[in-house]
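Worksheet for the structure shown next.
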Amino acid sequence: MASRAGTVALPQDLVDITALLDAYFDVAPDLGDPAQRVAFGTSGHRGSSLKASFNEPHILAITQAIVEYRGRQGITGPLFIGRDTHALSEPAQNSALEVLAANGVTVLVDARHGYTPTPALSHAILKYNREAGPGTPQADGIVVTPSHNPPGDGGFKYNPPHGGPADTDATGWIADRANQLLENGLRGVKRMPLNDALAADTTGKFDFLSSYVDDLPSVLNLDAIRNAGVRIGADPMGGASVDYWGEIGERHQLNLTVVNPTVDPQWAFMTLDWDEKIRMDCSSPSAMASLIKRMAAGADGTAAYDVATGNDADADRHGIVTPLVNGVGGLMNPNHYLAVAIDYLYRNRSGWNPESVVGKTLVSSSIIDRVAGGLGRKLVEVPVGFKWFVPGLLSGEGAFGGEESAGASFNKLDGSVWTTDKDGILLALLASEITAVTGQSPSQLYKGLTDQFGAPVYARIDAAATREQKSKLGKLSAADVTATSLAGEEITAKLTEAPGNGAAIGGLKVVTENAWFAARPSGTEDVYKIYAESFKGADHLKQVQEEAKALVDGVIA
């Protein structure tokens, strides 16, 4: 049967919203099943009520644990809370409010009763704490989102006062305490009825949209976009950025069209992802098929927009589509766009620290290394997870941080911090600034970078592994790898710690002059992921992948 990837979802693909919400309230997790316990990955606790992994008991316990954690840390300022458009997000936010109000925590919810992108919440935390000043109570936040995950999923993420994702010390403590509370039948969880929580003196409102949208001129050259008349097509993809894009266009007088303002918890308008699932992945050609189609040249040979962009459900990821000109254009690979963004920003941000470094995750493309070298900037390579970029963004020493999964953020024009979480809206707007200032699309600029630095071929594959093998992979040392060559080239580095900060990568990276691979265990499936890249073409990449799998299998057997 032919794959339906890239085609519009059919009725049988849609989640039953009534069953999903009923299960949230009615299903209790079986704590004897590890998949039904609280577990924080790189982006919070995620699961589905239909699988007993994201239900009301989970959220009540996690929220109480966050209350206790912030108490232990002396965090006494307001807690900002926002949600995305997933069906489970509203009930989960309501459950959290019941616990927060019962514990006397000052909570700020969206003043418009709308949706809150992750970057808008990060921006709000940082703005509050900057204006409050040192020594005053600091704010933190909760984002209720499973990011780009399917419509049947829910997610719950904690951002401490630095505004970015909580580190493993925090999430580990919160998860352990939440599971403890679940095991005790939620004894120890304080809670009050929702109506009382909403009416509590400690529950207030905050205009996330205005705070974020009105501050955009401090981080982007919107004048250049406006003056050049760049035609922007912005697709919120049914996510939390839906009201933001229209306001951005109107308030800043940009030639901006909201391509699809529909919000539907089933995401019935979406085209199916590579595995025929509905997934709001704005870096996937299959999920972005509708927007790519809109950018096809019309009868006059021109595209509908100069730049078209997509965001996932909480708008922390970006997808960039450019017109096809002389065979160059279309949906950009996230690695390609990161390279262009870095090259452009470090040449056009005179207010940044001249010594600021370039931050990337260790599974991002090595063309970024070569671009950083061409700029004369130091590269800082960190493990997977945006939390590793937080210190640099706060201090200005790392004015840009980006990862291969289409997530990035960068500092304001004056070098001060904008957000410390991924900002898909910001990176999408940057594509229009780049187009306005350079007169070329980001795709054309990437072609120029490959002419200068070479054209890498990049891919990720999965390989089967047992839980024991995954555990062994996560604990490897460089000494465990005895191989001296990879795909015909001498191995120049064997890494189990990130060179940028010495933190464990939870896997292995092997590097040669023109290629590399990284292997990391999956947190949710019985597989490990192999990321690989070659500057010597697709055939060489395939050889790298085959030898990488054989090497890793031999080490973890």
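In what follows, every heavy atom counts, from backbone to side chain, and hydrogens, waters and symmetry copies are set aside. Here the structure is a predicted model, which means the values were calculated and not measured.
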Residue among Asp480, Ile530, Thr496 satisfying side-chain contact (heavy atoms from CB on, under 4.5 Å) with Leu508: Thr496

The residue among Glu533, Glu497, Glu381 that forms salt bridge (charged side-chain N to carboxylate O under 4.0 Å, His left out) with Lys509 is Glu381

Test item: [X] and [Y] side chains (from C-beta on) under 4.5 Å apart, heavy atoms:
| X | Y | value |
| --- | --- | --- |
| Lys529 | Ser522 | yes |
| Ser147 | Asp316 | yes |
| Tyr528 | Lys549 | yes |
| Ile142 | Val144 | yes |
| Leu216 | Leu429 | yes |
| Leu426 | Ser409 | yes |
| His58 | Asn55 | yes |
| Thr118 | Thr145 | yes |

Residue of the set Asp140, Thr63, Thr171 for which side-chain hydrogen bond (donor to acceptor under 3.5 Å, both in side chains) holds with Tyr158: Asp140

Sole candidate of Ser48, Ser95, Ser49 that passes side-chain hydrogen bond (donor to acceptor under 3.5 Å, both in side chains) when paired with Tyr24: Ser95

For a side-chain contact (heavy atoms from CB on, under 4.5 Å) check, start with the C-alpha distance between Ile125 and Asn159, then their side-chain angles and the critical distance, and finish with the verdict. CA-CA 9 Å; Ile125 293 171; Asn159 286 33; 4.0 Å; yes

Ion pair present between Glu183 and Arg37, side-chain N to carboxylate O less than 4.0 angstrom? yes

Charged N-O contact under 4.0 Å between Asp110 and Lys205: no

Measure from the side-chain N and O atoms of [X] to the backbone N and O of [Y], and report whether any donor-acceptor pair falls under 3.5 Å.
| X | Y | value |
| --- | --- | --- |
| Lys494 | Val481 | yes |
| Thr420 | Val390 | no |
| Asn179 | Ala175 | yes |
| His45 | Ser53 | yes |
| Ser218 | Asp215 | yes |
| Thr106 | Pro78 | no |
| Thr492 | Val511 | yes |
| Tyr337 | Ala431 | yes |
| His86 | Gly154 | no |
| Thr512 | Ala515 | yes |

Hey, is [atom1] on [X] packed in by over 12 heavy atoms from elsewhere, all under 6.0 Å?
| X | atom1 | answer |
| --- | --- | --- |
| Lys127 | NZ | no |
| Glu397 | CD | no |
| Glu131 | CD | yes |

What heavy-atom pair brings [X] and [Y] nearest, and what distance separates the two atoms?
| X | Y | value |
| --- | --- | --- |
| Asn411 | Ser416 | CB-O, 3.2 Å |
| Ala178 | Ala61 | O-CB, 3.5 Å |
| Tyr458 | Ser364 | CE1-C, 4.5 Å |
| Leu79 | Leu100 | CD2-CD1, 4.0 Å |
| Gly359 | Phe389 | C-CE2, 3.5 Å |
| Phe54 | Leu88 | CD2-CD1, 3.9 Å |

Within this structure, what is the [atom1]-[atom2] distance for the pair [X] and [Y], rounded to the nearest 0.5 Å?
| X | Y | atom1 | atom2 | result |
| --- | --- | --- | --- | --- |
| Ser283 | Met332 | OG | CE | 12.5 Å |
| Gln469 | Asp553 | CD | CG | 7.0 Å |
| Met280 | Met237 | CE | CE | 7.5 Å |
| Leu394 | Arg130 | CG | CZ | 10.5 Å |
| Leu209 | Tyr244 | CG | OH | 4.5 Å |
| Ile59 | Ile62 | CD1 | CD1 | 4.5 Å |

Quiz question: by atom type and distance under 3.5 Å, do the side chains of Asn103 and Gln64 form a donor-acceptor pair? yes

Determine whether the side chains of Thr361 and Glu404 contain a donor N or O and an acceptor N or O closer than 3.5 Å. yes

Check for me whether the distance between the ring centres of [X] and [Y] falls short of 6.0 Å.
| X | Y | result |
| --- | --- | --- |
| Tyr212 | Trp418 | yes |
| Phe206 | Phe80 | yes |
| Trp352 | Tyr346 | yes |

Would Glu56 and Arg191 count as a salt bridge (Lys or Arg N to Asp or Glu O under 4.0 Å) if you check the C-alpha gap in whole Å, the side-chain angles of each, and the deciding distance to 0.1 Å? CA-CA 12 Å; Glu56 186 177 55; Arg191 183 184 186 188; 2.7 Å; yes

Show, in sequence, the C-alpha distance, side-chain angles and deciding distance for Lys378 and Glu355, and conclude whether the salt bridge (Lys or Arg N to Asp or Glu O under 4.0 Å) test is met. CA-CA 8 Å; Lys378 178 183 176 183; Glu355 302 299 320; over 6 Å; no

Check step by step if side-chain hydrogen bond (donor to acceptor under 3.5 Å, both in side chains) holds for Asp273 and Ser284. CA-CA 7 Å; Asp273 204 0; Ser284 164; 2.5 Å; yes

Assess whether side-chain contact (heavy atoms from CB on, under 4.5 Å) is satisfied between Thr168 and Phe40, documenting all intermediate values. CA-CA 8 Å; Thr168 50; Phe40 276 73; over 6 Å; no

Steps toward side-chain hydrogen bond (donor to acceptor under 3.5 Å, both in side chains) verdict (Gln73, Arg70): CA-CA 5 Å; Gln73 299 297 314; Arg70 68 196 308 267; over 6 Å; no

Test ring pair (Phe, Tyr, Trp, His ring centres under 6.0 Å) on His123 and Phe208; report intermediate values, then the result. CA-CA 9 Å; His123 179 271; Phe208 287 99; 9.9 Å; no

Passes salt bridge (Lys or Arg N to Asp or Glu O under 4.0 Å), Glu68 versus Lys190? Steps please. CA-CA 11 Å; Glu68 295 175 14; Lys190 296 180 181 179; over 6 Å; no

